Engineer: 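Pasting in a structure now, in structure tokens, and then I'll have a few things to ask.
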Amino acid sequence: MSGSKSATRNSRRPPENGASPRGRYWRVLALSLGSGAVFAVLFYLWGRELFPRAAGRWGGTFPFVGAVALTLAVALFLSEWFGFAGREVRKVRLAARDSLFLCSLALLLFFAAKAVIDLLAEIPALEHGVPTRVYAYLIPLPAFAMVVRVLINSETSILFTVAASVLAAAAASGSWPALLFLLLAGTAGAARARRVPDRYRMLLVGAQTAPVCALAAAALEFSFHGGGGVLWAGIFGAVNGLLSGPIALAVMPVAESAFGYASDIRLMELSGTGHPLLSRLMMETPGTFHHSVMVGTLAEAGAIAIGANPVLCRVAALYHDIGKLVKPQYYSENQAGVENVHDAMSPGLSRAVILSHVKEGVRMAGEFRLGDRITEIIGQHHGTSILYCFLDKARPLIQDRKASEEMFRYPGPKPKTREAAIIMLADATEAAVRSLGRPTPQEVDETVTGIVNRIYFDGQLNECDLTLRDLHAVGRAISQVLAAVAHGRVDYPEAGKGAV
Ligand SMILES: [Fe+2]
Ligand SMILES: [Fe+2]
């Protein structure tokens, strides 16, 4: 990669959900009214217990006055905190969907915390010998922090853990040991949920969190209240950690279906060829299916090389060209042994058909609920790159000013994530190297370098966080895999002449 322009890591993106000032105003108003209503319900249910002094002063109007005051305080807190974090930490620029998800999760946690504490207090067997304060060590914050890390990212899970700890500690009458425990346990859970490709791994994360929770609970109980409930605190802390895996596994499918997220577990499920879209791709467009599997292998290698998400790269690559299912015969990889239909078509018509596979792919991804991460990659895998194969054919039209080069560009958007950029690079290089037949490793390397440079200088990587170092590493990884595949191809012996 010979280009040496400044790195793109610090490039500023416009807000993902950039709404007009008027739209933003209505959204803030709706959000405020919504949160006010939720807080009013909470105050009505538990206000007297949680804020006895304020409840005594305000009498019957307490739930409403308290709700308005708390909404204002929470709104200020969230706008200051997430506003600051969103400006300075790129990964915390949350879309409206993420904010709604986090708020729902925090509220669910509050209800879960209240339910745990109130229900345990009702059990007669626990009444004697177990101090009620240790019930707080069962508040399932580790599970929720793990869910946020798996579905959004680590930065957001840290912020969520802090905000949700405060809210959940309120359910435990705002005690210091509860708050400190929740902060620690949530962080421990989120820290261990780095890559979770299957359910077993999620259970393992919970099991690894359990000793930390047990130790933290016992130590906090001992330091704040002496030796009385240390054993129970340790047991409850351990149970909390052990249950965090199953609870996270129960919450995740609901969150995925309601908010359109796709965890690595869901991605692994989608990678099976039993999925109707992949079966159709395999049966109806074997050329595209083979190309997609190859792109997946290359993208996975590229992702591993720079610490991006290899599961997302491999699975999104499998689906990146599903839009070709609509008119498979128009794509070169499915034309083996048949006439090229584009020979009899105008370049404009060919362009329209080929460009449509991105739009069709996004539509089908929505229809089959593949999740936002895969859908976005399908929409971005060609960025705004030029359709070179028909550009040459259209040269006479361009010279006569009946067409322009810009018309032969994909509509975009450009890749927004490292994973989308890796798939764009893998897609373009796979197609180029395939057309070489049986290249030498050096030819493969030169072709990959040429394609990567072309994509870079065309500005296709301007909106993602791939650094020049990453770009070089991805190019090298793709080149190595392609060279190995080209070298590994063997000519089958003619019938009757070779070994059996
Ligand atoms: Fe494509
Ligand atoms: Fe492709």
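The structure displayed is predicted, hence computed values, not measured ones.
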Engineer: According to salt bridge (charged side-chain N to carboxylate O under 4.0 Å, His left out), does anything in residues 287-300 pair up with another residue at least two apart or in another chain? List the pairs.
Structural biologist: Glu300-Arg314
Engineer: Tell me, do Ile306 and Thr467 make a side-chain contact under 4.5 Å, heavy atoms counted?
Structural biologist: no
Engineer: Dump the intermediate steps for side-chain contact (heavy atoms from CB on, under 4.5 Å) on Leu249 and Ile265, then the final yes or no.
Structural biologist: CA-CA 10 Å; Leu249 286 175; Ile265 297 176; 3.9 Å; yes
Engineer: Which pair of heavy atoms, one from Val358 and one from Gly379, lies closest together, and at what distance?
Structural biologist: CG1-O, 3.7 Å
Engineer: Can you check whether Thr273's main-chain N or O pairs, donor with acceptor, with Ser279's side chain at less than 3.5 Å?
Structural biologist: yes
Engineer: Among residues at least two apart in sequence or on other chains, which ones pass side-chain contact (heavy atoms from CB on, under 4.5 Å) with Leu151?
Structural biologist: Phe101, Val147, Met252, Ala255, Glu256, Tyr261, Ser263
Engineer: Is Arg149 close to Ile158 at the side-chain level, that is, under 4.5 Å between some pair of heavy atoms?
Structural biologist: no
Engineer: Would His275 and Tyr319 satisfy side-chain contact (heavy atoms from CB on, under 4.5 Å), going step by step from the backbone distance to the final call?
Structural biologist: CA-CA 11 Å; His275 191 279; Tyr319 288 90; 3.2 Å; yes
Engineer: What distance do Ser165 atom OG and Phe144 atom CZ have between them, rounded to the nearest 0.5 Å?
Structural biologist: 12.5 Å
Engineer: Once rounded to the nearest 0.5 Å, what's the spacing between atom CG of Leu318 and atom CG of Leu278?
Structural biologist: 5.5 Å
Engineer: Would you say the side-chain atoms of His320 and His291 include a donor-acceptor pair closer than 3.5 Å?
Structural biologist: yes
Engineer: Has the side chain of Asn240 got a donor or acceptor atom that lies under 3.5 Å from a matching backbone atom of Ala210?
Structural biologist: no
Engineer: Less than 4.5 Å apart, side chain to side chain, heavy atoms only: is that true for Val452 and Val474?
Structural biologist: no
Engineer: Could you report the tightest heavy-atom contact between Ile423 and Cys313, atom names first, then the distance?
Structural biologist: CD1-O, 3.5 Å
Engineer: Can you find a pair of side-chain heavy atoms, one from Ile451 and one from Leu425, that are under 4.5 Å apart?
Structural biologist: no
Engineer: Carefully, step by step, assess Phe259 and Asp98 under the rule side-chain contact (heavy atoms from CB on, under 4.5 Å).
Structural biologist: CA-CA 8 Å; Phe259 294 91; Asp98 301 323; over 6 Å; no
Engineer: List the atom of Met364, the atom of Val326, and the distance in Å for their closest heavy-atom pair.
Structural biologist: SD-CG2, 4.3 Å
Engineer: Which atoms form the tightest heavy-atom contact between Ala168 and Leu109, and what is the distance?
Structural biologist: CB-CD2, 3.8 Å
Engineer: Are the side chain of Arg351 and the backbone N or O of Met407 linked by a donor-acceptor pair below 3.5 Å?
Structural biologist: yes
Engineer: Going by salt bridge (charged side-chain N to carboxylate O under 4.0 Å, His left out), name the pairs with one or both residues in residues 441-461, residues two or more places apart or in two chains.
Structural biologist: Arg409-Asp458
Engineer: Indicate yes or no: at least one non-hydrogen side-chain atom of His382 is less than 4.5 angstrom from one of Asp427.
Structural biologist: yes
Engineer: I would like to know whether His290 and Glu333 meet side-chain hydrogen bond (donor to acceptor under 3.5 Å, both in side chains); could you show each step before the answer?
Structural biologist: CA-CA 9 Å; His290 179 257; Glu333 68 267 23; over 6 Å; no
Engineer: Could you check if a side-chain atom of Val295 sits within less than 4.5 angstrom of a side-chain atom of Asp321, using non-hydrogen atoms only?
Structural biologist: no
Engineer: Mark yes or no for whether Ser271, through its side chain, and Met268, through its backbone, hold a donor-acceptor pair below 3.5 Å.
Structural biologist: yes
Engineer: Where do Ala426 and Ala299 come nearest, in terms of heavy atoms and distance?
Structural biologist: CB-N, 3.9 Å
Engineer: Quick one: CE on Met202 to CD1 on Ile247, what's the gap to the nearest 0.5 Å?
Structural biologist: 11.5 Å
Engineer: Above 12 or not: heavy atoms from other molecules or residues under 6.0 Å from CZ of Phe84?
Structural biologist: no
Engineer: Report the residues that fulfil side-chain contact (heavy atoms from CB on, under 4.5 Å) with Ala420, sequence neighbours left out, ordered by chain and then residue number.
Structural biologist: Ile377, Gln380, Pro415, Thr417
Engineer: Dump the intermediate steps for side-chain contact (heavy atoms from CB on, under 4.5 Å) on Leu270 and Arg266, then the final yes or no.
Structural biologist: CA-CA 6 Å; Leu270 288 172; Arg266 170 82 179 128; 3.7 Å; yes
Engineer: Do you see a donor-acceptor pair shorter than 3.5 Å between the side chains of Thr288 and Asn334?
Structural biologist: yes
Engineer: Looking only at non-hydrogen atoms, find the nearest pair between Leu312 and Asn309 and report the distance.
Structural biologist: N-OD1, 3.1 Å
Engineer: Do any pairs count as a salt bridge (charged side-chain N to carboxylate O under 4.0 Å, His left out) and have a residue in residues 362-391, sequence neighbours left out, and if so which ones?
Structural biologist: Arg97-Asp372, Asp264-Arg373, Glu360-Arg363, Arg363-Glu367
Engineer: To the nearest 0.5 Å, what is the distance between OG1 on Thr209 and CG on Leu204?
Structural biologist: 9.0 Å
Engineer: With sequence neighbours excluded, give me every salt bridge (charged side-chain N to carboxylate O under 4.0 Å, His left out) pair touching residues 186-199.
Structural biologist: Arg199-Glu269
Engineer: Mind checking whether Leu281 and Ser292 have side chains closer than 4.5 Å, heavy atoms only?
Structural biologist: yes
Engineer: Using a 3.5 Å distance criterion without hydrogens, assess whether the side chain of His381 forms a donor-acceptor pair with backbone atoms of Ile378.
Structural biologist: yes
Engineer: Please check this pair: side chain of Lys414 against backbone of Gly459, looking for a donor-acceptor N/O pair closer than 3.5 Å.
Structural biologist: yes
Engineer: Counting C-beta onward and ignoring hydrogens, is there a side-chain heavy-atom pair between Val433 and Val448 closer than 4.5 Å?
Structural biologist: yes
Engineer: Mind checking whether His357 and Tyr410 have parallel, tilted or perpendicular rings, split at 30° and 60°?
Structural biologist: perpendicular
Engineer: Find the distance between SG (Cys103) and CG (Leu108) and round it off to the nearest 0.5 Å.
Structural biologist: 12.5 Å
Engineer: Once rounded to the nearest 0.5 Å, what's the spacing between atom OG of Ser157 and atom CE of Met146?
Structural biologist: 11.0 Å
